[in-house]
There are 2 protein chains.
Amino acid sequence: MEYTVQKLASMAGVSSRTIRYYDEIEILKPARISSSGYRIYGEKEVDKLQQILFYRELGMGLEQIRQILNAPDFDGVKALHEHREQLLEKQEQLKKLITNVEKTIAHKEGRITMSDQEKFEGFKRKKIEENEAKYGEEIREKYGEETVEKSNQKFMNMTEEEYNEFQRLGQEVLDTLYAAYKTGDPAGELAQKTADLHRQWLSFTWNQYSKEAHAGLAQMYVDDPRFTAYYDEKQPGTAEFLRDAIFIYTGQKK
Amino acid sequence: MEYTVQKLASMAGVSSRTIRYYDEIEILKPARISSSGYRIYGEKEVDKLQQILFYRELGMGLEQIRQILNAPDFDGVKALHEHREQLLEKQEQLKKLITNVEKTIAHKEGRITMSDQEKFEGFKRKKIEENEAKYGEEIREKYGEETVEKSNQKFMNMTEEEYNEFQRLGQEVLDTLYAAYKTGDPAGELAQKTADLHRQWLSFTWNQYSKEAHAGLAQMYVDDPRFTAYYDEKQPGTAEFLRDAIFIYTGQKK
DNA sequence: CTTTACATTGACGCTACGTCAAGGTGTATT
DNA sequence: AATACACCTTGACGTAGCGTCAATGTAAAG
């Protein structure tokens with residue numbers, strides 16, 4: 001079957017301008033040009049357009065797509081398998097977003113509490129995924145060795161953005177903790193918020209959360225002088241205060 | 001909790017430039033400006049940014065988003081419920097795309113046949129969804145009355161793009177049919193492709209496909225002179241030929 | 001033979017930022 | 001007290017991926 005611009009476009013659900021643009025940037029050339037100068041596309045071009053749309057769906061730039069498709073060792077079937085993987089990932093992320101919107105509804109109705117942090121769950125993964133698509137593994141290999149900070153990051157298997165966020169959240173835990181300490185009430189709202197932020201912070205490195213482990217770690221903050229020093233640096237007694245707050249948060253009895 | 005540009009940005013997974021841009025276009029203004037000119041954002045702004053990102057995720061333009069959020073009768077919770085609906089729709093579309101990629105793999109491995117039409121299943125829905133998000137119901141109300149063609153379209157509950165595609169596919173059925181007729185073999189590849197295209201064409205208007213109904217319709221093409229005239233116009237005998245092809249396609253015995 | 005629908009090549013416009021540049025600020029460390 | 005360093009500010013220009021005319025030629029149908 002042969003197609004003119006418009007026919008190909010409406011079949012693929014894109015505009016004819018898009019088809020012409022793809023010709024212009026050399027990403028999808030017509031099979032041949034008719035005697036009157038019309039672009040004519042065949043089976044091969046249809047398949048290539050499909051591939052382009054798959055990559056585009058995953059947020060990849062057209063220039064990048066061109067390079068991939070024009071690579072001499074491009075393997076169409078392998079690419080399709082990768083598309084499948086990525087789409088399944090995207091499905092996971094969508095599920096998170098849906099969970100997010102549902103939690104937000106419950107939050108607005110006052111049924112649950114929700115940290116500012118949590119309000120953006122599901123959005124962020126996408127950025128990471130896009131970066132992955134853009135640069136693949138390389139970025140981590142390349143920049144991962146630069147500094148000790150960053151090699152730490154590599155050790156924890158985080159992308160730069162995750163790492164930044166991890167650091168930021170850690171700081172927020174501290175800020176909230178000091179504010180909560182001033183109230184003096186480990187069962188109070190601020191203290192409980194601190195405990196919750198701390199749980200979120202932990203989730204970056206823990207593969208699964210349990211109340212017992214959380215409470216255990218809190219106790220360790222008091223028992224291990226290195227940790228105690230970290231939390232007590234500005235304000236002595238906060239490590240103990242944090243432990244108390246977490247014990248209440250996790251429902252642990254002393 | 002109060003945030004500077006960078007803190008808000010990294011929490012939400014966007015760039016600080018994005019936050020500044022949103023200030024510039026008056027879609028998200030800071031709660032206040034610090035004495036040194038820094039933008040400071042609070043709880044309310046965090047929530048608004050979340051809303052913005054939900055709408056953006058659904059492909060809406062920022063200008064449109066601004067109008068919605070600034071509307072005096074904007075209902076946040078209602079919007080969230082709509083987000084949920086849209087996200088579930090998106091999930092459906094993603095499933096189709098995944099099915100598509102899986103089918104394409106099978107096709108490349110020669111296990112199934114696949115029409116050019118089918119190669120773009122799952123992409124198109126998205127365009128429609130975006131149009132819906134952009135113009136809502138209005139577009140159909142507004143343009144739907146213009147011509148008889150279009151009111152037909154409304155009757156069939158198709159968007160303009162679907163309708164175009166429906167027409168195009170109908171033409172393809174005819175083209176392929178005439179080509180197949182020349183081979184003279186209703187069991188041949190071309191004739192069977194025609195039958196398959198015809199099935200796809202039907203799927204636009206039928207809510208569920210069955211081989212029996214398909215075969216029944218094919219017989220009607222021969223029995224009802226109005227239909228026979230339509231198919232036989234260019235080439236007498238094609239209606240009958242199509243019926244034979246479909247009978248073979250559906251495994252119907254005469 | 002005319003209408004209608006589709007094709008062509010420019011060329012300019014738009015959105016949603018990315019990316020410098022040139023400078024001011026806040027805080028920690030020495 | 002000085003310095004480093006990471007953050008902030010306002011321009012201002014650049015880019016991708018098309019949308020949208022404009023002016024003109026062509027194919028198919030009636």
Side-chain angles (χ1 to χ4, degrees), chain A residues 2-28 30 32-41 49 52-53 55-57 59-67 127 130-131 134-135 147 149 160 163-164 167-168 171 174-175 233-234, chain B residues 2-28 30 32-41 49 52-53 55-57 59-67 127 130-131 134-135 147 149 161 164 167-168 171 174-175 178 233-234:
Chain A
E2 296 205 315
Y3 305 93
T4 58
V5 164
Q6 177 78 348
K7 285 182 184 173
L8 179 62
S10 78
M11 185 170 66
V14 301
S15 75
S16 53
R17 177 68 173 92
T18 299
I19 301 295
R20 277 182 40 237
Y21 180 66
Y22 287 0
D23 181 7
E24 196 182 324
I25 63 169
E26 313 249 276
I27 193 175
L28 181 71
R32 60 187 185 82
I33 305 287
S34 80
S35 62
S36 47
Y38 286 20
R39 294 173 178 81
I40 308 292
Y41 298 87
L49 178 56
I52 292 169
L53 293 186
Y55 279 113
R56 201 185 64 166
E57 181 70 24
M60 192 177 286
L62 294 180
E63 175 55 29
Q64 175 91 6
I65 296 176
R66 207 197 55 189
Q67 284 176 29
K127 266 215 81 175
E130 279 170 9
N131 275 335
K134 270 182 190 156
Y135 309 110
T147 67
E149 281 269 271
E160 182 158 6
Y163 186 70
N164 279 338
Q167 295 286 62
R168 209 201 55 74
Q171 188 57 46
L174 276 182
D175 292 346
E233 191 190 7
K234 291 223 161 169
Chain B
E2 295 205 315
Y3 305 93
T4 59
V5 164
Q6 176 79 350
K7 285 181 184 171
L8 179 63
S10 77
M11 184 169 67
V14 301
S15 75
S16 53
R17 176 67 173 92
T18 300
I19 302 295
R20 277 181 41 239
Y21 180 65
Y22 287 180
D23 181 5
E24 196 181 324
I25 63 168
E26 314 251 274
I27 192 174
L28 182 70
R32 63 188 183 81
I33 306 287
S34 82
S35 61
S36 47
Y38 287 19
R39 293 174 179 82
I40 308 291
Y41 297 87
L49 178 55
I52 292 169
L53 293 186
Y55 279 114
R56 199 185 66 165
E57 180 71 22
M60 194 177 285
L62 293 180
E63 176 54 29
Q64 176 90 8
I65 296 176
R66 208 198 56 189
Q67 284 176 28
K127 269 215 78 176
E130 279 170 9
N131 274 335
K134 270 182 190 156
Y135 309 109
T147 66
E149 281 269 272
E161 293 186 41
N164 279 339
Q167 295 286 60
R168 207 201 55 73
Q171 188 58 46
L174 276 181
D175 292 346
Y178 290 131
E233 192 191 7
K234 291 221 161 170

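Since the model is a prediction, treat every value here as computed from it, not as a measurement. Numbered from 1 within each chain, the chains take letters A, B, ... in sequence-line order.
One atom, CD of A:Glu24, and another, C1' of D:dG17, lie 11 Å apart when rounded to the nearest Å. Look at CD on B:Glu26: it is 15 Å from P on C:dA16, rounded to the nearest Å. Atoms CD (B:Glu63) and C1' (C:dG13) sit 16 Å apart, rounded to a whole Å. Between the P atom of C:dT15 and the OH atom of B:Tyr22 lies a distance of 14 Å, rounded to the nearest Å. Rounding to whole angstrom units, CD1 of residue A:Ile33 and C1' of D:dT26 are separated by 15 Å. Counting to the nearest Å, the P atom of D:dA29 and the CG atom of B:Leu174 are 11 Å from each other. Remark: P of C:dA16 and CD1 of B:Ile65 are 8 Å apart, rounded to the nearest angstrom. Atom-to-atom, CD1 of B:Ile19 to P of D:dC8 comes out at 11 Å; the value is rounded to the nearest Å.
For A:Tyr41, there are no side-chain hydrogen bond (donor to acceptor under 3.5 Å, both in side chains) partners two or more places apart in sequence or in a different chain. Partners of A:Tyr22 under the ring pair (Phe, Tyr, Trp, His ring centres under 6.0 Å) rule, at least two apart in sequence or in another chain, do not exist in this structure. Taking B:Glu2 as the reference, B:Arg32 meet the side-chain hydrogen bond (donor to acceptor under 3.5 Å, both in side chains) condition, with sequence neighbours excluded. Legend: residues meeting side-chain hydrogen bond (donor to acceptor under 3.5 Å, both in side chains) with A:Thr18, ordered by chain and number and at least two apart, are A:Ser15. Every salt bridge (charged side-chain N to carboxylate O under 4.0 Å, His left out) that B:Glu26 has, sequence neighbours left out, goes to B:Lys29. The salt bridge (charged side-chain N to carboxylate O under 4.0 Å, His left out) search around B:Asp175 returns none, not counting sequence neighbours. Every residue was checked against the salt bridge (charged side-chain N to carboxylate O under 4.0 Å, His left out) condition with B:Arg17, not counting sequence neighbours, and none meets it.
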Tabulated below should be each protein N or O lying under 3.5 Å from an N or O of nucleotides 22-24 of chain C; please produce it.
| from | atom 1 | to | atom 2 | distance (Å) |
| --- | --- | --- | --- | --- |
| C:dG24 | N2 | B:Tyr38 | OH | 3.0 |

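A:Arg20 comes within 4.0 angstrom of a base, heavy atoms only. At a threshold of 4.0 angstrom between heavy atoms, the contacts of B:Ser16 with the nucleic acid are absent.
Of the residues near DNA chain C, B:Arg17 and B:Ile25, the one whose nearest nucleotide (by heavy atom distance) lies more toward the 5' end is B:Ile25. Comparing B:Arg56 and B:Ser34 by the nucleotide of DNA chain C whose heavy atom lies nearest to each, the residue mapping closer to the 5' end is B:Arg56. Each of A:Thr18 and A:Ser35 has a nearest nucleotide on DNA chain D; the 5'-most of these lies closest to A:Thr18.
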Trace of the side-chain contact (heavy atoms from CB on, under 4.5 Å) decision for A:Thr4 with A:Arg39 | CA-CA 6 Å; A:Thr4 58; A:Arg39 294 173 178 81; over 6 Å; no

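Distance from the side chain of A:Leu62 is smallest for D:dG17 among the nucleotides D:dG17, D:dG19, C:dT8. The listed nucleotides are D:dT9, D:dC7, C:dC17; the one nearest the side chain of B:Thr4 is D:dC7.
Considering only side-chain N and O atoms, A:Tyr21 lies nowhere under 4.0 angstrom from the phosphate OP1 or OP2 of D:dG19. Contact annotation: B:Gln6 reaches the phosphate of D:dC8 (side-chain N/O to OP1 or OP2, under 4.0 Å). Here B:Ser36 does not reach the OP1 or OP2 of D:dC8: none of its side-chain N or O atoms lies under 4.0 Å away.
B:Leu53 places a side-chain heavy atom less than 4.5 Å from the side chain of B:Val14. Two residues are said to be in side-chain contact when any heavy atoms from C-beta on lie closer than 4.5 Å; A:Arg20 and A:Glu24 fail this criterion.
Five base pairs at each end of the helix from C:dC1-D:dG30 to C:dT30-D:dA1 define two local axes, and these are offset by 20° (rounded to 10°).
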